[in-house]
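Here's the structure, in structure tokens; my notes come after.
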Number of protein chains: 2
Amino acid sequence: MSNVAQFPKSTAKSVTARALAVLGALSAQEPSMTLSQLARVAGLPVATVYRLAGELEEGRFLQRDAAGRYSLGVRMWEMGLLTPVHGHMREVAMPFLLNLQYECRETVQLAVCDGVDAVYIEKLTLDTKTPVQSRIGARIPLHATAVGQAILAVSDQSFIDVISGMPLPRFTDNTVTTPRALNKLLEQVRDQGFAHSTEEYVAGSTAIAAPVMVNGKVEAAIGIVNYELRDDLEIYVPQMLEAAAGLGHRLEELAANPESH
Amino acid sequence: MSNVAQFPKSTAKSVTARALAVLGALSAQEPSMTLSQLARVAGLPVATVYRLAGELEEGRFLQRDAAGRYSLGVRMWEMGLLTPVHGHMREVAMPFLLNLQYECRETVQLAVCDGVDAVYIEKLTLDTKTPVQSRIGARIPLHATAVGQAILAVSDQSFIDVISGMPLPRFTDNTVTTPRALNKLLEQVRDQGFAHSTEEYVAGSTAIAAPVMVNGKVEAAIGIVNYELRDDLEIYVPQMLEAAAGLGHRLEELAANPESH
DNA sequence: AATGACCTTTTCACTCAGTGAAAAACGTTC
DNA sequence: GAACGTTTTTCACTGAGTGAAAAGGTCATT
């Protein structure tokens, strides 16, 4: 059933905006589409999309498979890796994440705050049947995950107010959905220095997370997740805090020295 | 003096092409630029780039830092993750790579073949001063790296011929640069089931690598690198082969079942 | 083989979105 | 304070981009 109509952008914008709309039509749910699907989702005439997609393909931002379906091209991927989020943050964080993973042998995550939610930048997991929720690049709510709470707790009060002022969607029975409860929770996180969340986002998963501070400002969060409701996850808190602190310091160093490799 | 009009780049044609040229101006070497740099590199008038960059920023394909410099935006990164190269292979491979990393505590790499060279898809490293050469997304020569050789050795003979027919650039004293020598090397790789390369690409580094076979066709390679010329890297061959085989089987399973998690 | 459903590709007259030189407005460094 | 490089705004002009419609493909179903 096509109940789509998520982008009814009748307001035909600039050529560039249209081109981006074409690219944006592809999503995690539908990473490849036919020309006409693309047109429908982007809300543009087929002929227009035909031309635009052709040019995007030329530039390798799109690619067509054997069947003629469009998906995002290698160029897109290559360029994505030049993004500060990846190029810098992920690269610098890797050794810390790996060491932490080595010590706890649980799934280790790195997330940053972007807009009003958190985004997973890296996930090191040994789990072969890992849930989709925490795909790298996935956006996750700040109020309902350990990494989100770790970031939010040490953010500016004004930002906290913005977030707690927005609707706080419920994902499980344990999700915190009122501003009051959220603020209380965040205070607790600040007190103990890390967040601990049990089944607030996904049933059956529990997680701890710590903020990564760079020059007094939170830049990311490192978390440990377990999908079997381990109740002793906190035994890894020291190592996690060490990883978070270590990463923070390293980022400060790199920010100071332009490029001290 | 006479610096009036120098248009080094051939004038990009369509609006879309120009927009892509603006994005394409950013590179691994210069991941962030001022507006006018952007214009110069893209070979477009400043006013034009000003407008285009504005729109690209709106769509979060570009972003500006505090100083007003442009770099690639989060959107670019998010979408890059939807690319076929990344999405599947990397996700499935992670547990195998992590286990291998756990066992050898050396830098572990995953690469696939794209066109006439290999591309690093993932790199797990504990090394904080890791060389730039093996950046994720970096393209590396098939003839001069362990992962490249591992892939090439088990490729179709026709493809091997194409590669060995091309110029084989020399990177170090140890680089194999003649078709004869390359073929001999590849035969050896086939015989022993893995590649072992010492200072063929980067001085001071040694690596081993094994191909990942999926239904009889090579799809990737898993490698272990060391930057201090460890001469006993081969002790990890069994684990590496196990990881490669494990990943191969997992990929076969997933190819069979459309989507079994 | 004829039908219909859905897709891709081409065409073409119209017009409005995109253009870029030039000038204004900043922000530096000497 | 002037000389330089930057970013931003303005504006008259015009060809690049548009999209409806028609033509051409491909694949089921009858």
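So that the names make sense, note that chain A is the first sequence line, chain B the second, and so on, each numbered from 1. Reckoned from all heavy atoms, side chains included, excluding hydrogens, waters and symmetry mates.
- Remark: A:E122 CD is packed, more than 12 non-hydrogen atoms of other residues, nucleotides or ligands lying under 6.0 Å away.
- No donor-acceptor distance shorter than 3.5 angstrom exists from the side chain of B:E219 to the backbone of B:V212, with no hydrogens or angles considered.
- Residue pairs meeting the side-chain hydrogen bond (donor to acceptor under 3.5 Å, both in side chains) criterion with at least one member in residues 45-54 of chain B, sequence neighbours excluded, do not occur.
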Checklist outcome for this item: Going 5' to 3' through nucleotides 4-10 of chain C and flagging B where a protein heavy-atom sits under 4.0 Å of the base, S where only the sugar-phosphate is that close, and - otherwise, we get ---SSBB
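- Residue A:A243 comes nearest to A:F96 through the heavy atom pair O-CD2, 4.0 Å, listed as atom of the first residue, atom of the second, then distance.
- No donor-acceptor pair closer than 3.5 Å links the side chain of B:R90 to the backbone N or O of B:L81.
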Listed pairs under 3.5 Å, donor-acceptor, residues 147-158 of chain A side chains, sequence neighbours left out:
unit_1: A:Q149; atom_1: NE2; unit_2: A:H143; atom_2: O; d: 3.0
unit_1: A:Q149; atom_1: NE2; unit_2: A:E200; atom_2: OE1; d: 2.6
unit_1: A:S155; atom_1: OG; unit_2: A:I151; atom_2: O; d: 2.8
unit_1: A:Q157; atom_1: NE2; unit_2: A:D161; atom_2: OD1; d: 2.9

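- Judged by distance alone, the side chains of B:T107 and B:T125 do bring a donor and an acceptor atom under 3.5 Å apart.
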Could you list the protein-to-nucleotides 14-19 of chain C atom pairs, N/O on both sides, closer than 3.5 Å?
unit_1: C:dG18; atom_1: OP1; unit_2: A:V15; atom_2: N; d: 2.4
unit_1: C:dT19; atom_1: OP2; unit_2: B:R51; atom_2: NH1; d: 2.6

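- For B:A203, the side chain to side chain contact (heavy atoms under 4.5 Å, CB included) partners are B:E199, not counting sequence neighbours.
- For the helix from C:dT8-D:dA23 to C:dA24-D:dT7, the end axes, each set by the C1' atoms of five terminal pairs, are bent relative to each other by 60° (nearest 10°).
- Within a 6.0 Å radius of CD in B:E57, more than 12 heavy atoms belonging to other residues, nucleotides or ligands are found.
- Here the closest heavy-atom approach between residue A:A195 and residue A:A146 is recorded as CB-O, 3.5 Å.
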